[in-house]
4 protein chains.
Amino acid sequence: MDRYQFYRACGVNLDLAVEAHALLRGATKQEIPGVKEDKEHYPQATVTTIHIFSATGAQALGKPPGTYITIEAPGLLTANPPVQEAVAQLLAQKLTALLQHLRVGPTDPVLVVGLGNWQATPDSLGPKVIGEFTVTRHLFQYAPQTLPPGSRPVSALSPGVLGTTGIETAEIIRGVVDRTQPRAIIAIDALAAGDLRRIGTSIQITDTGISPGSGVGKQRTAINRETMGIPVIAVGIPTVVHAAVIIYETLAKTGQGIERSPWVQNPNWAQGLVQEILKPFGGNLTVTPKEIDELIHNLAWVVGAALNQTLHTTLLQTKMAIPLH
Amino acid sequence: MDRYQFYRACGVNLDLAVEAHALLRGATKQEIPGVKEDKEHYPQATVTTIHIFSATGAQALGKPPGTYITIEAPGLLTANPPVQEAVAQLLAQKLTALLQHLRVGPTDPVLVVGLGNWQATPDSLGPKVIGEFTVTRHLFQYAPQTLPPGSRPVSALSPGVLGTTGIETAEIIRGVVDRTQPRAIIAIDALAAGDLRRIGTSIQITDTGISPGSGVGKQRTAINRETMGIPVIAVGIPTVVHAAVIIYETLAKTGQGIERSPWVQNPNWAQGLVQEILKPFGGNLTVTPKEIDELIHNLAWVVGAALNQTLHTTLLQTKMAIPLH
Amino acid sequence: MDRYQFYRACGVNLDLAVEAHALLRGATKQEIPGVKEDKEHYPQATVTTIHIFSATGAQALGKPPGTYITIEAPGLLTANPPVQEAVAQLLAQKLTALLQHLRVGPTDPVLVVGLGNWQATPDSLGPKVIGEFTVTRHLFQYAPQTLPPGSRPVSALSPGVLGTTGIETAEIIRGVVDRTQPRAIIAIDALAAGDLRRIGTSIQITDTGISPGSGVGKQRTAINRETMGIPVIAVGIPTVVHAAVIIYETLAKTGQGIERSPWVQNPNWAQGLVQEILKPFGGNLTVTPKEIDELIHNLAWVVGAALNQTLHTTLLQTKMAIPLH
Amino acid sequence: MDRYQFYRACGVNLDLAVEAHALLRGATKQEIPGVKEDKEHYPQATVTTIHIFSATGAQALGKPPGTYITIEAPGLLTANPPVQEAVAQLLAQKLTALLQHLRVGPTDPVLVVGLGNWQATPDSLGPKVIGEFTVTRHLFQYAPQTLPPGSRPVSALSPGVLGTTGIETAEIIRGVVDRTQPRAIIAIDALAAGDLRRIGTSIQITDTGISPGSGVGKQRTAINRETMGIPVIAVGIPTVVHAAVIIYETLAKTGQGIERSPWVQNPNWAQGLVQEILKPFGGNLTVTPKEIDELIHNLAWVVGAALNQTLHTTLLQTKMAIPLH
């Protein structure tokens, strides 16, 4: 039983396609039918783009067909403004290209959604990004003179989490989409990775939206083109790993052939083991570094800066000042 | 020009019907046609109920027809748990009666909306109340065994403010109402009073919802039965007064017959004066006590406790423990 | 190598004496010389009191001599007000007795210190407790008429964490102690447990203060009678477990005799394994439940209520209202 | 009775020396003995430097002798990154010169103190600045390899407010200074202005520290070279005006010669009038714009950026990455 099978068996989501792909391919780097991977190298980051273009590929990776771009920038783990600015610019480039590809024009209205729980630090990335970029939708009505020609109506929403609202996040967003008619959604979310080294250093951009069970939050319904009726780009950054990842690492590192374990006779052994160990909180346990507050603070700035560069080209060119709200 | 006319002329909202009524009646306590006022006295509080039952009354008070209950409890200004508990109980009583009157049954789903901006202390009452009571709507689906028979689905929403979202608050709420189909809304909001002594000591409960221009926030569209399609009860507590209130107090206290002022020749003088003085921020200036953070903290507890008592009768009786989210 | 040895070897702190004691005694429940344990049973909680009364006992448990009282109340894990009130009362009883034992009189000034980082949810218990009880020290000077006879000067401090201040927490507190001369310190801190079931359900009260390396924060210098010059009572609640706990659980549950492991030849194998697995963040990784924000919210209320009951007997009896700050 | 006399009579602090000076000089711009004023003009800002160099000047302005530099940048009122960067640079220049003038060398340890209450938005500037610049003091001990030669130990403290701690802010800071021995303090504080147009647009830098009664908080003891034993530079930005300012504006604008007022016979009339109007909250009422949260957010960035440029010259030149805390 390899890592990929283990994670699948015990319900650990691999929110990053790049991880799912790597694990699936394994040491032998076998090709996965229906999946294509490209790499680009930049001074501060590596970008891996995975295209899932068939149902076979989707099934194999456990992810819907579409494009998954991952920016990997280990420099994000230190307080390093030049790296942050370089990554923001790269993220803006990728977002701009993806919007274009989805035929979302430069003045088409966009709704940015900050998923997650602002009161739980590791899950607060989405809500913290709201406030780090400029919203303009209301200015078209209330202060159009502050907007240069070619501006885009941008709105923002921080819907909260199921435990606080009692409402599926997807329901809230769809309700707002129906009333306000944006042309696309950009959803920001904290993700769970399958490897500690991904925390705070990888940014995934995908045109497939948010799939059930992803993220640190408890979104149960997908937020994607199907459920929303418009394209949904998701920007996700791992801020935790599931506690089961530590369990796997332990099994792997202690070299005890999982195959030699007494558990292995039971086909559900992985799931059972993880449940047994993590049961006090129903298995919902995440592993986070202590510096998580600073990490989120820095990452929210990076994503906010990228959103401004992506969504407000004319605004930034004219350097017009936006009134405070 | 009396206080009522002054406030009207220069755009100061009197969010409290009890204030509008008192000012309109003036020193002579004249009867206003179409308006009825009752008073009850409790050890910790006085309750004034105003019924506006005709278009004439509504026009006179500048408020839609309906019931406006105001609990006045000066004891809320100190940290005094017994007063807080007594007021919470009184508020629950009034809310319960109002729901009954609106034919909202004990198991009918209710959506609680926390209006305002959690990042600006005087406007953070609504968002802070979310989190001070129990939501149950999701438990009906995910953990029904934790709910005693006769429980009510309660959901909650903190929609944010126009300046942060770019979307009218009413649009967000209506979108969520359409998707989740509650039977009634209870909207919590920070209000502006016309008298400093109202700050933190008066609680208004009304079945008329939130009217345009009310509140510290910038809600421009009404949130009421008409716009939402279901009954909307608003619970509002003044946390600020508009700066123009200080201007009026000054004019009144210095006894200079406003009629003798050189300004008085200009029919728009009141508005002009206020604009002239407050122009640096477009007139959007509010007066707050320094203890506002503690005040909000205490008031959020009072409203949250009242919501639990109102919405979760069976839950409280059975003393069942609700799982954390 | 048993759990106790494993934790010691790889630097996992057992902040709870009750855990250290249990693990040390092992399955055979052997007596540890110099350590005495008593148990009391209450409807909502079990209380275990451990006295370490000799250097041998201290060395064995890795904790300074003194009294360690642990309230265990699994009911704290749900939102259950009656349990919370019962635990607050129990905590107040134990604190009162401990103060008495330390010869801190009912009007002696006490400084409450909220340790930890309010921006990182799992570490925010201490700062959140500040604000949940009444401070009175300044009233003796500025508003003595609001204080009934027999009142106690209570002050509070939230010193922040080393990474934010660049200063050892102990230095900040000692500086304030020197200037303000309290008779005792009560320090509130989030702890790390050695067992997931302890998270949010155990409260430790000790007269030995905070020892180096304890807590989720990065306090490096002890905060105790020696470093502060006055008695220090610490109230700690586990909100995380170190990620190494999951590693141990995995090894233990998969039954692979740790003794059969290839690692075992290396005396540092446990430490090596843990470092190897957790290296991306220098090993500083903690495991937390997702509901941590609610848990902290509820626990802060419990500790604040207990502090009011402990420190403000006359204030509560006279039910005098304290002015807002 | 002119504005200056009015403010003095009714206890309104003019925290900005530039305001006190202008009001004192009056329309005729008379020279004040012992006070010298210089102006510099920059594209984004005007800088006024006032030197109070005699006891006469100090008495006249109600401020201790020293240097008061005020940067006035109306552009700070809009969300305008280039203006913010220009002002940060200007602030850094002035801080650098002042430190030099006070003979604080480039590697001398500096303590930055964020005064105010992070839970009350208008008073949260100081605490919000903490976290917007780099602290390094602890790295000298724990990670010296991350510091280039010529680095400066910088520490930070957010002491809280009297109402929350029960301790005078000056006591807390002095305690920490005694333990940690910095060579200078830079104290950040929200101020009260005497003119609404100053809110969010003026930054005062002074080598005289914080004087009693200044600021939005309730600091009662001075924080200056005398009380701290080391130089104290204060950086203050008005975020409110006292409500009495609105009272004066009203009297002034309605042109009713204050001298003709019936109040004028009573020498204490101004104080009496203000107390009468503002009594519900003991006069402690402040006027704030609604956008205060955004204003503070932007200003905290500006001050934080200036502190980094001032205190970490070598760090910025070498572009070394600082580890997260």
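This is a predicted model, so every value here is computed, not measured. So that the names make sense, note that chain A is the first sequence line, chain B the second, and so on, each numbered from 1.
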Between D:Leu278 and chain B, which part of the residue has a heavy atom less than 4.5 Å away: side chain, backbone, both or neither?
both
Does any heavy atom of chain D fall under 4.5 Å from the side chain of B:Ile199, the backbone, both, or neither of them?
both
When rounded to the nearest 0.5 angstrom, what distance separates CD in D:Glu294 from CD in B:Gln119?
9.0 Å
Honestly, the part of B:Asn117 sitting under 4.5 Å from a heavy atom of chain D is side chain
Using 0.5 Å steps for rounding, measure from the CG atom of D:Asp293 to the OG1 atom of B:Thr164.
6.5 Å
Checking B:Leu196, B:Val241, B:Val240 against D:Leu285 for side chain to side chain contact (heavy atoms under 4.5 Å, CB included), the one that qualifies is B:Leu196
By the definition side chain to side chain contact (heavy atoms under 4.5 Å, CB included), identify the one residue from B:Ile246, B:Val274, B:Val287 that meets it with D:Ile246.
B:Ile246
State which residues pass ring-ring contact (aromatic ring centres under 6.0 Å, His included) with D:Trp301; sequence neighbours excluded, sorted by chain then number.
none
For the CG atom of D:Leu273 and the NZ atom of B:Lys253, what is their distance to the nearest 0.5 Å?
8.0 Å
If I take atom OG1 from residue D:Thr121 and atom CG from residue B:Asp123, how far apart are they, to the nearest 0.5 angstrom?
9.5 Å
Top of B:Lys279, B:Arg197, B:His297 for chain D proximity - count of heavy-atom pairs under 4.5 angstrom
B:Arg197
Gap between atom CD1 of D:Ile247 and atom CD1 of B:Ile277 - 0.5 Å precision
11.0 Å
Sequence neighbours excluded, the answer for salt bridge (charged side-chain N to carboxylate O under 4.0 Å, His left out) partners of D:Glu132 is none
